[in-house]
Asker: 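Okay, here's the structure, questions in a sec.
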Amino acid sequence: LAKTTQPISMDSYEGQEVNITCSHNNIATNDYITWYQQFPSQGPRFIIQGYKTKVTNEVASLFIPADRKSSTLSLPRVSLSDTAVYYCLASLDSGNTPLVFGKGTRLSVIA
Amino acid sequence: DAEITQSPRHKITETGRQVTLACHQTWNHNNMFWYRQDLGHGLRLIHYSYGVQDTNKGEVSDGYSVSRSNTEDLPLTLESAASSQTSVYFCASSARQGDIYGYTFGSGTRLTVV
């Protein structure tokens, strides 16, 4: 599985759009990009998954350029409740290999 | 609603004791996983199972064992608890839902070995 690199931490004010970029230079053809969110004292929660171009759901958008060597998670108009750790993972769509989590990006939203 | 539950939520045990952490899911998922999370290490994979009677070792499996006798349960056993196993333990299950393949995690068990 491709190793992913993302910033250790980010700060943002409430109401701003937050973009968290993840680098995955060695991503394989069969890998998908998946983002998870983890609040303190809780297990990670699936946010969004994509293969290329743009994916949007009710929580976030995921942008993946044509070369797929990076991706960007976009959180529109963050609130204090979006303070969490965000994990970027490259994984096989088939699920035949367990997810390997890095240390994630700690997002702090400030009032 | 389907769910994944872990028990107990908190446990304190003594060094050398055998401890079993329970994980039960009603999603009917074949794939189940155990992770531990420590400050500075993120989540690390302990054991996983792709179905009944199937178990596999993860990155940090030493001192842990699992068994899978049915689809719903994957108990994690610490054979002889050590202080280094003080951690928060998360169980997860996974399956494909439409175009998405994702994990659903339990709320975790905080284990303290004294």
Side-chain angles (χ1 to χ4, degrees), chain A residues 1 3-9 20 22 28 30-62 64 73 84-107, chain B residues 3-7 9-10 21 23-25 27 29-51 54-61 66 74 87-111:
Chain A
L1 296 173
K3 179 182 177 182
T4 60
T5 303
Q6 51 185 126
I8 294 175
S9 64
I20 306 176
C22 179
N30 294 335
D31 284 343
Y32 278 63
I33 300 300
T34 310
W35 285 80
Y36 284 80
Q37 174 192 56
Q38 185 178 26
F39 297 115
S41 301
Q42 294 185 28
R45 181 176 74 108
F46 175 94
I47 300 177
I48 198 166
Q49 184 178 80
Y51 185 79
K52 60 181 178 181
T53 62
K54 177 182 176 181
V55 178
T56 298
N57 62 24
E58 65 279 4
V59 177
S61 295
L62 177 60
I64 305 174
L73 175 73
V85 178
Y86 293 82
Y87 297 94
C88 167
L89 300 99
S91 61
L92 291 173
D93 178 57
S94 64
N96 288 335
T97 304
L99 291 180
V100 176
F101 286 79
K103 296 182 180 180
T105 297
R106 184 173 300 276
L107 173 66
Chain B
E3 59 181 0
I4 180 166
T5 56
Q6 294 184 234
S7 61
R9 288 299 310 274
H10 303 272
L21 309 183
C23 176
H24 179 79
Q25 53 100 1
W27 293 98
H29 290 167
N30 284 324
N31 302 344
M32 296 184 71
F33 310 84
W34 274 103
Y35 290 84
R36 61 176 288 177
Q37 187 169 37
D38 308 289
L39 283 174
H41 285 281
L43 288 115
R44 291 183 290 173
L45 181 66
I46 305 172
H47 281 286
Y48 58 101
S49 168
Y50 287 147
D54 176 74
T55 60
N56 306 278
K57 294 181 179 180
E59 175 190 4
V60 290
S61 61
V66 293
L74 186 68
S87 185
V88 180
Y89 292 85
F90 290 102
C91 177
S93 68
S94 70
R96 168 171 294 284
Q97 294 171 316
D99 295 333
I100 300 296
Y101 178 79
Y103 282 34
T104 302
F105 282 83
S107 299
T109 294
R110 182 175 296 276
L111 177 68

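In the text below, chain A, chain B and the rest are named by the order of the sequence lines, each starting its count at 1.
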Asker: Does any backbone or side-chain atom of A:Tyr51 lie under 4.5 Å from a heavy atom of chain B? Answer side chain, backbone, both or neither.
Answerer: neither
Asker: Would you say the side chain of B:Ser49 lies within less than 4.5 Å of the side chain of B:Val66, judging by non-hydrogen atoms?
Answerer: no
Asker: Apply side-chain contact (heavy atoms from CB on, under 4.5 Å) to A:Ala84 and list each qualifying residue two or more places apart in sequence or on a separate chain.
Answerer: A:Gln37, A:Phe39, A:Tyr86
Asker: Give, as side chain, backbone, both or neither, the part of B:Leu45 having an atom under 4.5 angstrom from any heavy atom of chain A.
Answerer: side chain
Asker: Measuring heavy-atom distances to chain A, does B:Gln37 have an atom under 4.5 Å in its side chain, in its backbone, in both, or in neither?
Answerer: side chain
Asker: Can you label the angle between the B:Tyr103 ring and the B:Phe33 ring as parallel, tilted or perpendicular, going by 30° and 60°?
Answerer: parallel
Asker: Of the listed residues (A:Gly104, A:Gly50, A:Gly43), which shares the most heavy-atom pairs with chain B below a 4.5 Å separation?
Answerer: A:Gly43
Asker: Flag yes if more than 12 heavy atoms outside B:Arg44 fall under 6.0 Å of its CZ atom; otherwise flag no.
Answerer: yes
